[in-house]
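Data block below; observations after.
Numbers here simply count residues along the sequence, with the first being 1. Start at 1 and go down the list; that is how both ligands and their atoms are numbered.
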Amino acid sequence: MTTNVRTIVREVLGQLSSSKEARLYLRQFSSVDALNFAVVKVGGGIIENQLEELAASLAFLWHLGLFPIVLHGAGSQLDQALEDAGVATHKLDGLRVTDEATMAVVRPVIYRTNRKLVEALERHGVRAQGIQHGVFSCDYHDQQRYGLVGKINAVELESIRDTINAGVLPVVTCLGESSAGQVLNINADIAARELVWAIKPHKVLFITPTGGLLDGNGELISAISLCEDYQQLMQQDWVHSGMRLKLEQIQQILEPLPPSASVSITSVDNMARELFTHEGAGTLIRQGERIYHLEDLAEEQHRLLIELLETSFARKLRPDYFSTLKLKTILFASSGRAAAIITEGIGGVAYLDKFAVTPQARGEGLGATLWQRLQTEYPALYWRSRRANPVNNWYFQQAGFTAKNDTWVGFAYGMSSVVSAANCLEDAFSREDGWLPLNNSEGLAT
Ligand code: ARG
């Protein structure tokens with residue numbers, strides 16, 4: 001890296017929330033083979049409307065020594081060009097029917113879009129290479145029905161591999177060829193899926209204008225764990241058909257990948273933040289992990305649980321903590337990075353004694369997933385948290401009732417009446433501390 005680039009990189013890293021976090025992700029992304037870091041899918045609209053910003057964010061990655069494999073469509077350019085040429089657009093089953101007249105327009109537009117992105121990257125100091133052919137070997141999908149549309153039968157990685165080995169960023173189009181050399185048009189989502197399956201990258205990035213999936217209130221969904229959230233999500237009536245399809249596609253994409261792989265849907269401007277912070281900026285989708293009931297405190301799990309609690313709260317548990325608990329259950333994530341300890345409260349209501357999630361797991365959405373499980377299993381719950389706990393803002397959103405005293409904030413939801421809520425919160429305030437006393441500074445324990 002030149003000094004100049006290094007300065008820029010340091011400056012950009014400095015803008016991210018904590019450069020320690022950024023370094024952790026940079027290490028993670030660099031630990032896989034250069035070929036396997038990421039496949040980035042960008043639609044034609046982004047190249048049309050945000051070309052410079054897109055080139056700058058990809059340049060940032062390249063300057064860090066990362067080689068995202070860029071795959072792009074040219075949907076909006078094609079629609080326009082076909083209209084200008086007076087060629088009618090037909091779509092069948094989501095595929096663009098491609099007769100010869102259509103192909104005559106499609107090919108040059110895709111080449112031009114590819115060149116545009118490559119040139120923009122070069123302007124940002126990146127060595128980039130357009131790969132327009134030789135990646136997707138195809139058969140005709142159904143020549144009668146769709147014309148010159150390819151069905152991918154093999155993905156040839158040689159040109160992509162050579163490009164990356166030469167330190168050059170590959171920019172791949174969605175064109176394929178038949179064994180006889182006929183150029184065929186491929187749907188960009190299908191091309192992305194096949195490329196991902198062939199590469200098995202650590203990250204899959206979809207760069208979209210909205211920058212993520214939105215929930216029923218139009219708010220960004222930060223993270224989805226397929227194994228815990230998928231079924232429930234698909235039952236929501238606000239999940240419209242477009243999103244349903246997207247989720248199904250993403251589940252398919254992730255299926256043959258190792259559990260460490262993830263998909264991020266983000267925008268051009270949020271790409272670096274999504275990649276290099278725990279919290280991210282977009283929607284992260286992973287296979288996720290199971291949350292289970294820790295029934296007997298078998299030694300290994302118990303040790304993991306104590307470690308999680310003590311590091312999350314930066315305090316030591318009282319040695320008799322577990323033996324004095326009136327334990328109902330412990331919900332524990334299989335990676336050991338999130339836990340909820342639920343005990344008997346008053347009036348038959350459950351009391352949440354401890355809730356801990358590591359910062360990284362929170363970014364993956366594990367905290368939210370665990371909370372959802374908690375809500376499903378305990379329709380009424382109360383808990384307390386020290387007044388300075390930074391998680392309180394979030395707790396306030398989860399609770400229907402809250403109260404404060406000098407030390408604590410008490411929270412409750414699902415209460416049958418204000419009186420029972422008040423009784424519960426009073427009980428929360430009067431509970432003994434599970435932590436060993438701190439000599440000087442105050443901890444943040446619940
Ligand atoms: N930086 C991490 C990654 O890219 C975590 C991102 C978290 N993103 C989110 N939208 N919750 O893998």
Residues D406 and R387 bridged, charged N to O under 4.0 Å: no
Out of all atoms in ligand 1, which are within 4.0 Å of some heavy atom of G282? Include the element for each. 10 (N)
Lys/Arg N to Asp/Glu carboxylate O, R161 vs E158, below 4.0 Å: no
Any heavy atom of E279 closer to ligand 1 than 4.0 angstrom? yes
Taking only Lys NZ, Arg NE, NH1 and NH2, and the carboxylate oxygens of Asp or Glu, determine whether R386 and D433 approach each other closer than 4.0 Å. yes
Can you list the residues that meet the ring pair (Phe, Tyr, Trp, His ring centres under 6.0 Å) rule with H293, with sequence neighbours excluded? none
H278 neighbourhood, listing ligand 1 atoms whose heavy-atom distance to it stays under 4.0 Å: 5 (C), 6 (C), 7 (C)
Specify whether W371 and Y395 have parallel, tilted or perpendicular ring planes, treating 30° as the upper limit for parallel and 60° as the lower limit for perpendicular. tilted
Check whether any N or O atom of L275, backbone or side chain, sits under 3.5 Å from an N or O atom of ligand 1, and answer yes or no. yes
Nearest protein heavy atom to atom 2 (C) of ligand 1, by residue and atom, and its distance? Y25 CE2, 3.4 Å
Return the closest protein heavy atom for atom 5 (C) of ligand 1 as residue, atom name and distance. T277 O, 3.5 Å
Below 30° counts as parallel, above 60° as perpendicular, anything between as tilted: where do the rings of W383 and F411 land? parallel
Side-chain donor-acceptor pair present, N392, S385, cut-off under 3.5 Å: yes
Ligand 1 contact by K203, heavy-atom criterion under 4.0 angstrom: yes
Please could you name the atoms of ligand 1 that S222 approaches to less than 4.0 Å, counting only its heavy atoms? 9 (C), 10 (N), 11 (N)
What protein heavy atom lies closest to atom 6 (C) of ligand 1? Include the residue and the distance to one decimal. E274 O, 3.3 Å
closest protein heavy atom to atom 11 (N) of ligand 1 is G363 O, 2.7 Å
